[in-house]
2 protein chains.
Amino acid sequence: MTEPTAASPSPPLRAVDLIVQKAAGERLSREALRWLVHGYTAGTVPDYQMAAFLMAVCWRGMTEEETADLTQVMVESGRQLDLSDIAPVVADKHSTGGVGDKTTLVLAPLVAALGVPVAKMSGRGLGFTGGTLDKLESFPGLRVELSVEEFRAILRRWGIVIAGQSPELAPADGKLYALRDVTATVESIPLIAASVMSKKLAAGATHLVLDVKCGSGAFMKTRAEAERLAALMVAIGQRAGRTTVALVTAMDQPLGMTVGNVLEVEEAIATLRGEGPPDLVELVIELASALLAAAGLAPRPEARERCRRLLASGAALTKLADLVAAQGGDRRAVDEPGRLPHAPLERPLLAPQAGFIQAIAADQVGRVAMQLGAGRQRKGDPIDHRVGLRLLRKVGDAVRAGEPIALLSAARESDATALLPSLLAAYRFSETPPPPQPLILSTYGSVD
Amino acid sequence: MTEPTAASPSPPLRAVDLIVQKAAGERLSREALRWLVHGYTAGTVPDYQMAAFLMAVCWRGMTEEETADLTQVMVESGRQLDLSDIAPVVADKHSTGGVGDKTTLVLAPLVAALGVPVAKMSGRGLGFTGGTLDKLESFPGLRVELSVEEFRAILRRWGIVIAGQSPELAPADGKLYALRDVTATVESIPLIAASVMSKKLAAGATHLVLDVKCGSGAFMKTRAEAERLAALMVAIGQRAGRTTVALVTAMDQPLGMTVGNVLEVEEAIATLRGEGPPDLVELVIELASALLAAAGLAPRPEARERCRRLLASGAALTKLADLVAAQGGDRRAVDEPGRLPHAPLERPLLAPQAGFIQAIAADQVGRVAMQLGAGRQRKGDPIDHRVGLRLLRKVGDAVRAGEPIALLSAARESDATALLPSLLAAYRFSETPPPPQPLILSTYGSVD
């Protein structure tokens, strides 16, 4: 038996010891993570120690509790919005990103029209196509760089707001992300989860719905990875007292029929009018109903039905127009999409053979869209909102040889000529129809 | 079949891509490693990318060929000595370090006296006790910071020289080591091997003998790790065209009977007079004979016999005196060790019980020596050459209760009082003698 000893002050923390612990596969306490992350944000823990730590996390992983702790200390690194004076329930939605993913432009107005305010901050899209902010900026004059005060005011007045990520929120994430990007430490599921969730938690929504995509066009290539990420983010949200649900969804072919900023906005408008493509409609209804059910507003089947009816009625389109107008855009463009800028030329891709479309590789389609100018390779690159492509047939559809299967919207004839063969390379054809693949793969969080 | 294409210039290398490759467990080419290491040395690859790369190496390891390539590009980062104008065979020896390890002070004069010139550069000891340089500096006036020109001149004139590591040799190693130290990336066998061998290869010796220690008092705690390191260093040396042999040796109890700088110098002198303790004598003979046999100067049994006879004759002591004098020390101290500085007081550790000594934990003894002032905790800390301890009994010896088993040489009574209990904590006693443990565990390289 040992005698109880007087409480002694904790020894001072040293970054190198925390790296040793993580490299040995141990878990760090919240206090240790707080010291490390806040020291890094303040500049007292240098880049090279944080880089070694991040690689050790890629190696050894983090427990769920540890990841929740990391997320929390990242939240603490900056301002934390409290929206409870505006509404008791405020929803937010996040997608890990895919090709043709205009879901937010449909889901946010739909949920807002159902009476749940939606307050979303987004990052800028890097990679294949623009992100939600870029798509919104297809509306001439629309501003996404809002102050926190503007963000709150628009939410209060209109029940819907979508803005760029405020640098005041979770600044540790911005600094860590920049370091991860140059040290090959991006692809760690705990680090991805903490990055996403720190921004969501700081932005103040009470209810979160997450769309974790997997497949060739997504960041997560395998279903197993996507499911780990989804489960982890739901756990982080719930530990932080936010109602969180996540759907793991397929991203092998592009979502919907369009890829490119204005083209996707037009498709979102059509969907809000009840004329959406089946996969986008299904995804929006599944995500929105999961959110409503998790919020206790309706049982899931009823929530689905309410979403379906509202989409079909076209009544949620007003909320998109409200959003556009509130953020400085021209609301008339919602009713008359002809007012949006359009590419000067459109060229068809012809089916090289008869049969069935077996696959349309989303990543390859994304590369074509980026090369047309719809996305950005480097931060700050300009994007051309007009360009992109329209799919006329999707996976499982029968095609005749020589029939147009897609239309490329380009700024220049030379782009179209150069990229039609690249687009064709995304397709695989077969003589028999491929087996149908589900869009919704799994669900995390309590939605029933 | 694909058509042959015109040779295209290699794409430019990017550090982040090399980190991605290593984190994915791929092997890097020599060209890639050269670009990375030379860029780091030149300052164009930043610390944080190198830190992430080093942690990825800790995670994924390196192949033998890759480690040899890394070593080679580290060698290329600085000056490379060519000693072939001085002698066709020049020997060097390296130990991974242990408690009471004065082997170099015996081995170098012995090998030089056998006609093989010895040119050794050493790093400063960190940790338990001083390194070889600190031990040599026990001789008042002796200089270990030699220019390359002095190093060559002393080697040419006396056939023996031991100097501090020249900053002109393998500067990449110095910069990398400093980074590894603060990013918890020290304990990677490929990185350890490349660090040691880059300095050895740059220093120009043709024949290398390596003492890789394992056990509680060594950097490598397990025999398996030590054997991996030994095999890897031998492979690196041989790929670089140097005759290289390595012995894996036990470091569970201190080597010999003394720990501390002057005390170890005195023991080395006694050993060169034919009065050494059995374990130190055995280790010196095994290392020296392996070197001689690998160099083709004598078959191993004959080499052992020549070493044994020379040690017993005391004739090699002259070579130590030559070394001391050539580097500015007083050669009379070799014959009259009373001229060396001694601690003012000596206090005995008494056996608390009768029986057999079952273990003397080398790391614990090392900590006691460091706390007495014999080693340094931080780079640049001063050390007290006088202090340390003398073991009167070793593992396997019988002791009577109350009999002195060790003598502590201290600068202050308070140190002795405080540290005698810590020294006692290093001992374990048993009622029956422990089974004898071999000192030499395994051998790498061609020595027969």
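Sequence lines set the chain letters: A, B, ... in the order given, protein chains first and strands last, and positions in each chain run from 1.
When A:P46, A:A52, A:A24, A:A51 are compared by the number of non-hydrogen pairs under 4.5 Å with chain B, A:A52 comes out ahead. Counting heavy-atom pairs closer than 4.5 Å to chain A, the top residue among B:V186, B:L54, B:V182, B:L179 is B:V182.
Residues forming a side chain to side chain contact (heavy atoms under 4.5 Å, CB included) with A:A231 (at least two apart in sequence, or on another chain): A:Y444. The side chain to side chain contact (heavy atoms under 4.5 Å, CB included) test applied to B:A226 returns B:V212, B:C214, B:M220, B:V248, not counting sequence neighbours.
For a residue to count as touching a neighbouring chain, one of its non-hydrogen atoms must lie under 4.5 Å from one of that chain's; by this rule B:L18 does not touch chain A.
Between A:A56 and B:M55, the shortest heavy-atom distance links the atoms N-CG, 3.6 Å.
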Distance-only donor-acceptor screen, chain B against chain A, under 3.5 angstrom:
| residue | atom | partner | partner atom | Å |
| --- | --- | --- | --- | --- |
| B:Q49 | NE2 | A:V182 | O | 2.7 |
| B:V182 | O | A:Q49 | NE2 | 2.7 |

